[in-house]
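Scope of the values below: all heavy atoms of this structure, side chains included, with no hydrogens, waters or symmetry mates.
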Amino acid sequence: MKTRTRFAPSPTGYMHIGNLRTALYEYLIAKAQGGDFILRIEDTDQKRYVEGATDIIYATLKRVGMNWDEGPDVGGEYGPYIQSERKSLYADYAHKLVELGGAHYCFCSKVEADDQKDEEQNIKFQDPCKRLSLEEAKARVAAGEPYVIRQTIHKKGKSKYHDEVYGDIEIDYDELDEGVLLKSDGMPTYNFANVVDDHLMNITHVVRGNEYISSTPKYNLIYEDFGWEHPHYVHVPPVMKDAQHKLSKRNGDASFQDLVAKGYLPEAILNYIALLGWNPGTEQEIFSLKELEQIFSAERLNKSPAIFDITKLTWMNGCYIRALPAEEFHKLALPYYEKALARKVNLEFLSQVLQPRVETLGEIPAQIDFIENTLAFSNDLYTNKKMKTDAAVAQNTLTETRAVLAQAADWSNQGLFDALKALAEKLGVKNGQILYPLRIALSGKETTPGGATEIAVVLGKEETLRRIDDALAKF
RNA sequence: GGUCCCAUCGUCUAAUGGUUAGGACACCACCCUUUCACGGUGGUAAUAUGGGUUCGAAUCCCGUUGGGAUCACCA
């Protein structure tokens, strides 16, 4: 049978990192076996629906290259792929399940059910409606009384199933809740809709967070009652923000789009999260999505939670940035230049200088803060022990440097460097005694991306000479 | 509280009874070098704990501790 997995988000807001990772594993399990990846929108809770949330889901998956074979927009033979559009179908199956003895009508209010329960003392809701005969219950339904359909846990003893990550799971049927399957508004709960849909859509592997481990036996009971075969289960551990807390949008943790806005590349984010809870069994760490499709195996999924480490993501993003073709990096950097710079400078060369020096695009503004205008600085800044420079040395060499640069015909990094190196030889001083003061004069900073001559190339001849003049005037 | 799950450097992880417990990030040092990066070399750093089983345990079993999940007309 062809492998089929589904990503089934509810459109309640942002696409967070944990969600995206689950989607990635679903996608990879399907693709590693030449199967299909299905997108299904689980919008059975109308109260939580957020406008535009589905668009974010579409845009994110597309942006990282995880294309779905079937879904609301592309269609497919198992549609519709939006649960609210399947409403009547769930109701039909729910009533059918009642006939099969796997569920019953319940007329209790939510408060009645809640009042009876006590988690601390482990007291579960004992539904009085279970004692109703089917005829009696049906009569009350027919009379228009509000009702829900609850699952009937009719088995005793241990329920067992196999999970691809966690192995064999055993849970006593007594532990299972007789949860609502069909709400009073006629909508199914997740507990019911996901079973019906996964079966109807021929899903072979269900991948989801490990918080579902203990409710899976309930779902298996539904499959059994319908006479259906349950899918393979792949429960994955959560992505954490620290040892105690899951990554969550509610806590203000970074979402995929937040990271992109900070200058992380989607490819790098995807690569990083693939490795949060999975490893290839080799020491390779940089993978394209295509490569992952070739080598992914659910057997190498981890059982324990993984803490999201922005530092390592940042390193990996730096790897991706450095690996970019120069033109590509330039294109990505351009919007950041436009925001920070009004002055005309050599942006192509600036990109060359910056590419190995930034790990995220968001670092660009801070790196180029001296380009629009020289930063204010004190002449003490010329003092550097290692370079053997101070204000006096600077005043002297800067005067000579200005003369050389004013004559420079070749305004390239190599040309300028050679010219200044020759000057150092002529004056009998160290290269640094020429170059360090020049950098200070041009930038007002003791550390800059690129050397003095590179900054000069970026700024251009006119601006370079003007800044030297300004610096000389300050002595 | 009942039940279920988890536990290797600070972090991500490898090692599925026999390794000097390996790699990566981060950190530190050195090299390269017109500062800063990039790159290169090296270093610090882990099997939570107590019992078993075994010639031999990070690995198998039991307990303890610590953490997480679940017990919604949310998914």
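Phosphate proximity of B:C74 to A:K183: present, with a side-chain N or O under 4.0 Å from OP1 or OP2. Between B:A72 and A:K117, a contact under 4.0 Å exists linking OP1 or OP2 to a side-chain N or O. One finds no side-chain N or O of A:R322 lying less than 4.0 angstrom from the OP1 or OP2 phosphate oxygen of B:A37. Note on A:K124: every side-chain N or O is 4.0 Å or more away from OP1 and OP2 of B:C71. Contact annotation: A:K47 side-chain N/O to B:C74 OP1/OP2 distance is under 4.0 Å.
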Next item on the list: Take A:F7 and A:W68 through the test side chain to side chain contact (heavy atoms under 4.5 Å, CB included) and record every step on the way to the result.
Entry: CA-CA 9 Å; A:F7 177 48; A:W68 50 103; over 6 Å; no
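Side-chain contact check for A:R208 and A:T216: at least one donor-acceptor pair (N or O, by modelled atom type) lies under 3.5 Å. There is no side-chain donor-acceptor pair under 3.5 Å between A:E400 and A:N396. Side-chain atoms of A:N413 and A:T453 include a donor-acceptor pair closer than 3.5 Å.
Cation-pi geometry between A:R140 and A:F107 is met: the NZ or CZ atom falls under 6.0 Å from the ring centre, inside 45° of the normal.
Nucleotide B:C71: paired with B:G1 (Watson-Crick or G-U wobble, both distances less than 3.5 Å). Base-pair partner of B:U20: not found among the strands shown (Watson-Crick or G-U wobble, both distances under 3.5 Å). Under the Watson-Crick or G-U wobble criterion, with both distances below 3.5 Å, B:G50 is paired with B:C62. In this structure B:C27 sits in a base pair with B:G43, meeting the Watson-Crick or G-U test at under 3.5 Å.
The side chain of A:I171 has B:U3 as its nearest neighbour among B:U3, B:C12, B:A75. Listed nucleotides B:C38, B:C73, B:A24 differ in distance to A:P356; the shortest reach to its side chain belongs to B:C38. Taking only side-chain atoms of A:A306, from C-beta outward, the nucleotide of B:A14, B:U13, B:C73 with the closest atom is B:U13. For A:R439, counting side-chain heavy atoms from C-beta on, the closest listed nucleotide (B:G67, B:A72, B:U34) is B:U34. Picking from B:U34, B:A26, B:A72 the nucleotide with the shortest atom distance to the side chain of A:T311 gives B:A26.
Side-chain to base pairing of A:T453 with B:U34: one donor and one acceptor N or O lie within less than 3.5 Å of each other. The base of B:A24 sits within donor-acceptor range of the side chain of A:K312, with an N or O pair under 3.5 Å. Between the base of B:A75 and the side chain of A:Y212 there is a donor-acceptor pair shorter than 3.5 Å. A donor-acceptor contact under 3.5 Å is not formed by the side chain of A:T448 with the base of B:C36. Side-chain to base pairing of A:R357 with B:C38: no donor and acceptor N or O lie closer than 3.5 Å to each other.
The aromatic ring of A:Y166 does not sit over the base of B:C5; the criterion of centres under 5.5 Å apart with planes under 30° is not met.
In this structure, the CD1 atom of A:I307 is 11 Å from the P atom of B:C9, given to the nearest Å. The distance between atom CG of A:L350 and atom P of B:A37, rounded to the nearest whole Å, is 18 Å. In this structure, the CG atom of A:N317 is 15 Å from the P atom of B:C25, given to the nearest Å. Between A:N279 atom CG and B:C25 atom P there is a gap of 16 Å when expressed in whole angstrom units.
Comparing B:A48 with B:U13, their P atoms are spaced 16 Å from each other, to the whole Å. The separation of B:A57 from B:U49, taken at their P atoms, amounts to 15 Å, rounded to a whole angstrom.
Of the possible polar contacts, none joining the A:E85 side chain to the A:I82 backbone as a donor-acceptor pair under 3.5 Å is found.
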